[in-house]
**Q** 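Supplied in structure tokens, the structure appears directly below.
Being a predicted model, the structure only gives us computed values, none of them experimental. Chain A is the first sequence line, chain B the second, and so forth, proteins listed ahead of strands; every chain is numbered from 1.
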Number of protein chains: 2
Amino acid sequence: MSDDQSPEPQIFETLQPADLASRVADQVLRAIGDGRLRPGEKVADARLARELGTSRAPVREGLRLLESQGLIVSHPRRGFFVHAYDADELKEVYDLRECLELHAAEAAVARMTKADCARLEAQVQKLYDLADEGQTQEQVVQDFAFHRMLCELGGNSRILRLFDQIAAELRAGIALVGQLYDDPEEIARSHDPLIKALRARDPARLRAELHEHLQDAQIHVVQLFRTGAFDLTNLDKLSDDQRNRLLR
Amino acid sequence: MSDDQSPEPQIFETLQPADLASRVADQVLRAIGDGRLRPGEKVADARLARELGTSRAPVREGLRLLESQGLIVSHPRRGFFVHAYDADELKEVYDLRECLELHAAEAAVARMTKADCARLEAQVQKLYDLADEGQTQEQVVQDFAFHRMLCELGGNSRILRLFDQIAAELRAGIALVGQLYDDPEEIARSHDPLIKALRARDPARLRAELHEHLQDAQIHVVQLFRTGAFDLTNLDKLSDDQRNRLLR
DNA sequence: TTTGCGTCGATTGTCGACAGTTGAATTAAA
DNA sequence: TTTAATTCAACTGTCGACAATCGACGCAAA
């Protein structure tokens, strides 16, 4: 029994023999994330296969991967579609996100090192800098990154994965309206109470502050959504060429 | 604009034009749930297709559906496998479950009606009855059902769906060792504090009690797992009747 | 006995094909 | 002008096929 020796250090990373299916999923994810594919839009596997230069089988498998994540919906005999939220659903997703993030953050307080805390502070500083520079689009990205760090420090990889999934879903809508936030500096500032609670290593306080922080975001976004900024489902309100770009 | 009248009552359920892929996913899910497919076991799509009498395409699509839920793992060029937990991962899943359930339960306290509360109490009574009758297997099922009711009353369908997914994952291991619990009545009894907190409609108290309740379960299960009761990959180590009870 | 190298059957990833549907355009009827 | 049939191209779900790959086996060399 000489096989539980030292866990020999890895020299090379295991290289990823990525199959087409997951690469397709990746592409579609990206397309949804940056708005090339809009909520509710049809994703014809045949067409996608043509564009990607593959056969339909791996495309369909890739879409199935996204389907059980909720990003893609399939109506049998009708095809695949980018999932389109209504306001209630959006609220549920935000609620879920909050649930996960509060839990992770609480754990993070207990686990993080001084260095971790400093990284979080630096990230918030970045939000201020981007606000100064007027880079609102990038600020949204870095805002997400801050919250992702929190989840990561929580130490539950499963929760982190879910957060990433949700982030991808929300990005589909949010990134598009990055410029709709009126006051980027206010965004940055709203992270200060979180930092304070983190510094104090006070889980209950962090929980409370984060709850408020996320609640604000949810209300803001859901409200925007309700005003129709997001509502891509009733296309009649759009101009013709807008509609045409949306549907195929 | 006469089209937002009363939301005409549905008479027939929309019948499901189930495609093969999702039916395959269903079958595999069930097979994992009741132990016909064991953690770590290979799921060859060709073989599965042969058994189900279909071609490989829908089988592979179905497996992809389960893959992003974490139930199935695919190693490119090597095939699909039923995901096998190690103890750490199991702990993460339990942690996630707790996170979701605490959140849902808190919301449930605020939303539930008297009747809902009564249903929950009845469900716990069922646990007592099953303990008396020695129906430990069924007790595990009804135990899950109780916790699912909580999640359902929370009102977030997204969270409920996640709970169901996790339940399916855990059932793969847990249901099998139902009879390994030493004291079924103790199981039933452990739900009493929850009922009390629910009756009192005290979210904080419910949260605390539920936390403890789930923590106990987690510790119990993870411990069992560590002793090897779950490690179905090396069944050889178990006695014959243990094995038989496990694999039905 | 261990280590390394072909061989070979089984399995995987991907492809192209085909029948059955769908939804949009088109035509005919009211 | 509205409503109902008809037509048709495009797409979907599923299938069988094929080359590439894997891993188990056996055999030879150390």
**Q** Name the atoms and distances for all side-chain donor-acceptor pairs under 3.5 Å in residues 49-56 of chain A, with sequence neighbours left out.
**A**
residue, atom, partner, partner atom, Å
A:E51, OE2, A:R47, NH2, 3.4
A:R56, NE, A:D45, OD1, 3.1

**Q** Between P on C:dG13 and CG on B:L48, what's the gap in Å once rounded to a whole number?
**A** 14 Å

**Q** Can you tell me if A:R78 touches the phosphate of C:dT21, counting only side-chain N or O atoms and a distance under 4.0 Å to OP1 or OP2?
**A** no

**Q** Counting N and O atoms only, with roles assigned by atom type, does the side chain of A:R148 sit under 3.5 Å from a partner on the main chain of A:D164, one being a donor and the other an acceptor?
**A** no

**Q** Kindly say whether A:Q142 contributes a backbone atom to a donor-acceptor pair with the side chain of A:Q123 at under 3.5 angstrom?
**A** yes

**Q** Expected output is a numbered-order residue list: members of residues 59-75 of chain B with a heavy atom under 4.0 Å from any atom of DNA chain D. What is it?
**A** none

**Q** Using whole Å, what does the distance between atom C1' of nucleotide D:dC11 and atom CG of A:D45 come to?
**A** 8 Å

**Q** Report the residue (B:K42 or B:A57) whose heavy-atom-nearest nucleotide on DNA chain C is the more 5′ of the two.
**A** B:K42

**Q** For the CZ atom of B:R64 and the CG atom of A:L63, what is their distance to the nearest 0.5 Å?
**A** 11.5 Å

**Q** Between B:R56 and C:dT14, is there a contact of a side-chain N or O with OP1 or OP2 at under 4.0 Å?
**A** no

**Q** Taking only residues two or more places apart in sequence or in another chain, which ones pass side chain to side chain donor-acceptor pair (under 3.5 Å) with A:E98?
**A** A:H211

**Q** Let me know the distance between CZ of B:R50 and P of D:dC15, rounded to the nearest Å.
**A** 14 Å

**Q** Measure the distance from CG on A:D19 to C1' on D:dC22 and round it to the nearest whole Å.
**A** 16 Å

**Q** Between A:S55 and C:dT14, is there a contact of a side-chain N or O with OP1 or OP2 at under 4.0 Å?
**A** no

**Q** Looking only at heavy atoms, which two atoms of B:A25 and B:G62 are closest? And how far apart?
**A** CB-O, 3.8 Å

**Q** Looking at B:R77 and D:dG23, is any side-chain donor or acceptor paired with a base atom of the opposite kind under 3.5 Å?
**A** no

